[in-house]
Amino acid sequence: MTTALPERDAHEAVVTLDRREGPFGEVVLRQRGRHYEIIANGCFLMDTADGRSERLLIQAALDELDRTGAGPAAPSVLIGGLGVGFSLAYAAAEPRWGRIAVVERESAIIDWHRSGPLGGFSDGALDDARVSVIHTDLLEYLAAADGERYDALCLDIDNGPDWTVTDSNSGLYGADGLAVLWHRLRPGGVLAVWSAQPSTAFEEALRAAGFSDVVTEEVPVSRGVPDVVHLARRVG
């Protein structure tokens, strides 16, 4: 999500609930007032204060599938990043989705949903029969030669194309990563990418990688520039 801490009341107590060392560094769950925050290697990633853009990530992909009137009856969706659970909960609340896969590399985040305070934000979606939680790195999962194809890929990884906390995540947004994403979509499938800020360079990269119908939807937020969702479609 965003690397800048959102504005908060200076008097709100901050409590560290859990701290884990994983293969990609330190991950911390904190409570600030009534909200929860995930911190990775000292950088603020996301919190539970406002899930509008995370929900739009899912809705925009479904709307784009519907736009041509030729979308599948029960489309499959891959969500890249479990985070605080807003995207998954929103997808699970929509009965039209068929298979819902979530790829999350941090075991701590999965635990915080299964048996911790973030479970209230994923709203029981991990127990939905359509949902599979895949504990692995997204890039490794996508690069598998025999990988499954999806009707929609909804990615909420790091801060988006232009500003990544984990260096390896930048590979997802380059030419090689976009080629992998293109091949993981079924023909007519939709790619939706969350970003902390608009990126014209990423729009150009999507077109260069063979995607069509490239658009960017903005979501006003209380801090700084709007969050955005980049949308693109695989044709053929």
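Quick caveat: nothing in here was measured; it's all calculated off a predicted structure.
For Arg67 and Glu64, the salt-bridge test passes: some basic side-chain N is under 4.0 Å from an acidic carboxylate O. A salt bridge does not link Arg52 to Asp227: none of the charged nitrogens lies less than 4.0 Å from a carboxylate oxygen. In summary, Arg19 and Glu26 engage in a salt bridge, as defined by a charged side-chain N under 4.0 Å from a carboxylate O.
A pairwise comparison of heavy atoms in Ser87 and Leu57 identifies OG-CD2, 3.9 Å as the closest pair.
The same ILVMFWY cluster, assembled from side-chain heavy atoms under 4.5 Å apart, contains both Ile157 and Phe202. Hydrophobic clustering of Ile, Leu, Val, Met, Phe, Trp and Tyr side chains at less than 4.5 Å, counting indirect connections, keeps Val228 apart from Val219.
Between the side chains of Arg99 and Ser132, at least one donor N or O sits under 3.5 Å from an acceptor N or O.
Sorted by first and then second residue, the side-chain hydrogen bond (donor to acceptor under 3.5 Å, both in side chains) pairs involving residues 176-191 (not counting sequence neighbours) are Ser76-Arg186, Asp151-Arg186.
Annotation: cation-pi geometry not satisfied between Arg234 and Phe211 (NZ/CZ under 6.0 angstrom from ring centroid, within 45° of ring axis).
For the pair Asp18/Arg30, no side-chain contact is recorded, criterion being any heavy-atom separation below 4.5 Å from C-beta on. Within the 4.5 Å cutoff, side-chain heavy atoms of Glu148 are placed close to those of Tyr141. Side-chain atoms of Ile79 and Ile58, non-hydrogen and from C-beta on, do get closer than 4.5 Å to each other. Residues Leu88 and Leu126 form a side-chain contact, since some pair of their non-hydrogen atoms from C-beta on lies under 4.5 Å apart. Side chains of Trp112 and Leu82 form no contact here, defined as non-hydrogen atoms less than 4.5 Å apart. Within the 4.5 Å cutoff, no side-chain heavy atoms of Asp137 are placed close to those of Val103.
Phe86 and Phe121 have perpendicular rings, their planes meeting at more than 60° on a 0 to 90° scale where under 30° would count as parallel.
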Open item on the list: Could you walk me through whether Tyr90 and Glu54 satisfy the side-chain hydrogen bond (donor to acceptor under 3.5 Å, both in side chains) test, starting with their C-alpha distance in whole Å, then the side-chain angles of each, then the deciding distance to 0.1 Å, before giving a yes or no?
Closed with: CA-CA 9 Å; Tyr90 195 79; Glu54 293 93 326; over 6 Å; no
